[in-house]
Amino acid sequence: MTSSPTVPATAPAPPSRHRRVLTMLHRWPTGLALLMTVDNWFAPAVLPPWTLLVLPAGYLLIGTVRRRWRTPGALRVELIGLAGYTALAGAAVLVGGDTGAWLVALGWLGHGVWDLVHHRVGRVVPRGYAEWCGVLDLVLGLTMILAIVTG
């Protein structure tokens, strides 16, 4: 009598509500960013132009702490980003008014795209940070546009 090899039983798929909970736990940076920006939906306002300098500064600081500048081209890209956001902030100050406000809002939205690229590449900052920052940037950019349009 030959015995057939036993095939290990696979665990049953968790109920769909458990998958949603697991997804939410996995996406905690998104949840945190949304929680931190919930007030912006109720009282949208345009941030000052200097806040655009916080965006690249965070990446430079974290990249330095994580010693990520040995990656070829990484520091150069971040410094170009710093120069670009410095120029954008300067332009927003110079033109002022609604045009300056639009530059600030679009700068924050643009940094959301920057975060998406960093999230996909995963080199300078942790992916969770890039996810959190991207959602934060997008919400702030959108609510600033809302503030300008409803002004």
Side-chain angles (χ1 to χ4, degrees), residues 11 13-151:
S16 64
R17 71 174 184 267
H18 292 233
R19 277 187 250 130
R20 285 191 295 268
V21 169
L22 290 174
T23 299
M24 288 187 332
L25 288 174
H26 183 67
R27 290 285 165 231
W28 69 266
T30 294
L32 179 61
L34 291 173
L35 182 63
M36 291 174 68
T37 57
V38 73
D39 62 324
N40 294 75
W41 291 107
F42 297 103
V46 178
L47 296 173
W50 67 265
T51 60
L52 290 171
L53 302 178
V54 172
L55 305 173
Y59 274 70
L60 286 166
L61 177 65
I62 292 170
T64 300
V65 169
R66 295 182 77 210
R67 298 182 178 152
R68 297 296 184 177
W69 307 133
R70 293 183 187 128
T71 304
L75 181 58
R76 182 184 67 231
V77 167
E78 297 304 323
L79 290 174
I80 290 170
L82 175 63
Y85 279 99
T86 301
L88 188 61
V93 168
L94 287 175
V95 298
D98 280 349
T99 304
W102 276 102
L103 290 175
V104 173
L106 294 174
W108 279 84
L109 286 176
H111 198 266
V113 174
W114 183 270
D115 295 322
L116 175 65
V117 170
H118 278 77
H119 184 268
R120 295 289 180 219
V121 173
R123 283 193 292 189
V124 177
V125 297
R127 289 174 57 98
Y129 178 84
E131 178 181 334
W132 168 81
C133 191
V135 173
L136 185 89
D137 295 349
L138 291 174
V139 169
L140 290 175
L142 289 173
T143 57
M144 281 187 257
I145 290 171
L146 183 63
I148 296 165
V149 170
T150 61

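Excluded from the calculations below are hydrogen atoms, water molecules and symmetry mates; all remaining heavy atoms, backbone and side chain alike, are included.
- Donor-acceptor pairing under 3.5 Å is recorded for the side chains of His118 and Glu78.
- Listed by chain and residue number, nothing satisfies the side chain to side chain donor-acceptor pair (under 3.5 Å) test with Thr99 (two or more places apart in sequence, or in another chain).
- In plain terms, the two heavy atoms of Arg68 and Val124 that are nearest each other are CG-O, 3.4 Å.
- With Arg127 contributing its side chain and His119 its backbone, the two residues share a donor-acceptor pair below 3.5 Å.
- Residues that satisfy the side chain to side chain donor-acceptor pair (under 3.5 Å) test with Trp69, not counting sequence neighbours, are Thr64.
- Taking CD1 from Ile80 and CZ from Arg76, the interatomic distance works out to 6.0 Å, rounded to the nearest 0.5 Å.
- Scanning both residues, Val125 and Arg66, for their nearest heavy atoms gives C-NH1, 2.9 Å.
- Annotation: side-chain contact (heavy atoms from CB on, under 4.5 Å) contacts of Val77 (sequence neighbours excluded): Trp114.
- Checked against the 6.0 Å centroid criterion, the rings of Tyr85 and His111 qualify as a close aromatic pair.
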Indicate every side-chain donor-acceptor pair of residues 139-151 with a distance under 3.5 Å to a residue at least two apart or in another chain.
residue, atom, partner, partner atom, Å
Thr143, OG1, Val139, O, 2.9
Thr143, OG1, Leu140, O, 3.1
Thr150, OG1, Leu146, O, 2.7

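- Val121 meets the side-chain contact (heavy atoms from CB on, under 4.5 Å) test with Val117, Arg123; sequence neighbours excluded.
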Distance-only criterion, 3.5 Å: show the donor-acceptor pairs between side-chain atoms of residues 37-63 and protein atoms not counting sequence neighbours.
residue, atom, partner, partner atom, Å
Thr37, OG1, Ala33, O, 2.9
Thr37, OG1, Leu34, O, 3.3
Thr51, OG1, Pro48, O, 2.6
Thr51, OG1, Trp108, NE1, 3.4
Tyr59, OH, Asp115, OD1, 2.4

